[in-house]
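Notes for the one structure printed next.
We're numbering straight along the sequence, starting at 1.
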Amino acid sequence: MKINEVISFCLKTARQHHFRLYCEIRENARLTKTLGRVRYLDGELECIEFSKSFLASATDESVIEVILHELAHAFVFLENDGYHDGHGPLFKAMCARLGTSNDGAVAKNLKYKDGAENEERYKYNIYCGCCGKLVGNRTRACSITREPEYFISNCCQAPLKVIQNW
């Protein structure tokens, strides 16, 4: 789903539920583990951000679930004079009002266009250079991902091979 479609969906949903979203809605290429987030600044809604890689790779149904999850956070904040409830009872009630069961365990039920599950989504996958077995994952660059030739796998004692997913 493209960001302009996400923005349209957010604004339409806000209107349907009698909320006025006055914050920026944007994608963020730096979000790798977080699928979406609401940012607050000085008692105001600053923005709602979505992971650029998630928007590009997830199914539309999964993207909508994450959008509704983040909108529930924003709407609780707007409805309760700047109070944000985390994943507490107000948040769960708002999720029910929006028609989503995505009230905290969002990452477990998502689907991707290539059929992969969310647990398989890492920026770096680390494989044994001999047998090809997956031996690790990383969400951020580190010494292993930068210089895999200096490390060996436990299975075959062979040099590692690193694949960057995005």
Side-chain angles (χ1 to χ4, degrees), residues 1-11 13 21 23-41 45-74 77 84-88 91-92 95 98-166:
M1 188 176 268
K2 294 186 176 6
I3 191 63
N4 59 343
E5 297 170 303
V6 171
I7 292 168
S8 295
F9 183 84
C10 288
L11 296 176
T13 303
L21 275 181
C23 65
E24 184 180 2
I25 300 165
R26 63 185 179 213
E27 61 186 2
N28 184 337
R30 297 187 74 191
L31 295 179
T32 56
K33 289 181 86 172
T34 303
L35 306 176
R37 68 180 176 189
V38 178
R39 295 184 62 174
Y40 312 98
L41 181 65
L45 270 179
E46 180 186 7
C47 66
I48 303 173
E49 296 179 315
F50 297 97
S51 165
K52 185 175 184 175
S53 61
F54 173 71
L55 293 179
S57 62
T59 63
D60 287 350
E61 295 80 20
S62 291
V63 171
I64 288 170
E65 286 298 309
V66 170
I67 292 170
L68 292 173
H69 178 98
E70 299 311 326
L71 285 176
H73 284 297
F77 182 85
H84 42 94
D85 188 39
H87 292 139
F91 172 77
K92 290 182 184 203
C95 285
L98 294 177
T100 180
S101 60
N102 182 354
D103 59 7
V106 59
K108 293 194 170 41
N109 304 317
L110 301 176
K111 302 284 186 251
Y112 290 87
K113 294 174 186 170
D114 62 5
E117 297 294 325
N118 197 50
E119 292 81 21
E120 299 167 2
R121 292 287 169 181
Y122 291 92
K123 187 167 187 175
Y124 302 97
N125 289 333
I126 304 164
Y127 297 93
C128 172
C130 179
C131 68
K133 177 182 172 186
L134 179 68
V135 295
N137 299 304
R138 297 290 185 274
T139 55
R140 295 183 178 156
C142 64
S143 57
I144 293 174
T145 61
R146 285 190 288 271
E147 300 175 309
E149 63 274 8
Y150 294 115
F151 297 89
I152 59 171
S153 65
N154 288 335
C155 55
C156 301
Q157 305 300 307
L160 299 177
K161 178 180 175 188
V162 176
I163 304 293
Q164 184 175 342
N165 294 317
W166 68 81

Value rounded to 0.5 Å, distance of [atom1] in [X] from [atom2] in [Y]:
X	Y	atom1	atom2	value
Phe54	Leu35	CZ	CG	5.0 Å
Ser8	Met1	OG	CE	9.5 Å
His73	Arg37	NE2	CZ	12.5 Å
Ser51	Asn28	OG	CG	8.0 Å
Ile7	Glu24	CD1	CD	8.0 Å
Arg138	Asn125	CZ	CG	11.0 Å

Quick one: closest heavy-atom pair of [X] and [Y], and the distance?
X	Y	result
Ile3	Glu27	CD1-N, 3.6 Å
Tyr127	Gly132	CD2-O, 3.3 Å
Pro148	Arg146	CD-C, 3.5 Å
Ala74	Leu45	CB-CD1, 4.0 Å
Cys47	Arg26	SG-NH2, 3.2 Å
Ser53	Leu31	OG-O, 4.2 Å

Chi angles and distances behind the side-chain contact (heavy atoms from CB on, under 4.5 Å) call for Val66, Leu55: CA-CA 10 Å; Val66 170; Leu55 293 179; over 6 Å; no
More than 12 heavy atoms from other groups under 6.0 Å of CG on Asn154: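 For Asn154, atom CG is not crowded (no more than 12 foreign heavy atoms under 6.0 Å).
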Evaluation steps, side-chain contact (heavy atoms from CB on, under 4.5 Å), between Leu71 and Cys10: CA-CA 7 Å; Leu71 285 176; Cys10 288; 4.1 Å; yes
Identified side chain to side chain contact (heavy atoms under 4.5 Å, CB included) counterpart of Tyr124 within the set Thr145, Asn137, Ile144: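 When Thr145, Asn137, Ile144 are each tested with Tyr124, the side chain to side chain contact (heavy atoms under 4.5 Å, CB included) holds only for Thr145.
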Non-hydrogen side-chain atoms of Ser143 and Tyr150 separated by less than 4.5 Å: no
pair Gln164-Lys123: side-chain heavy atoms closer than 4.5 Å: yes
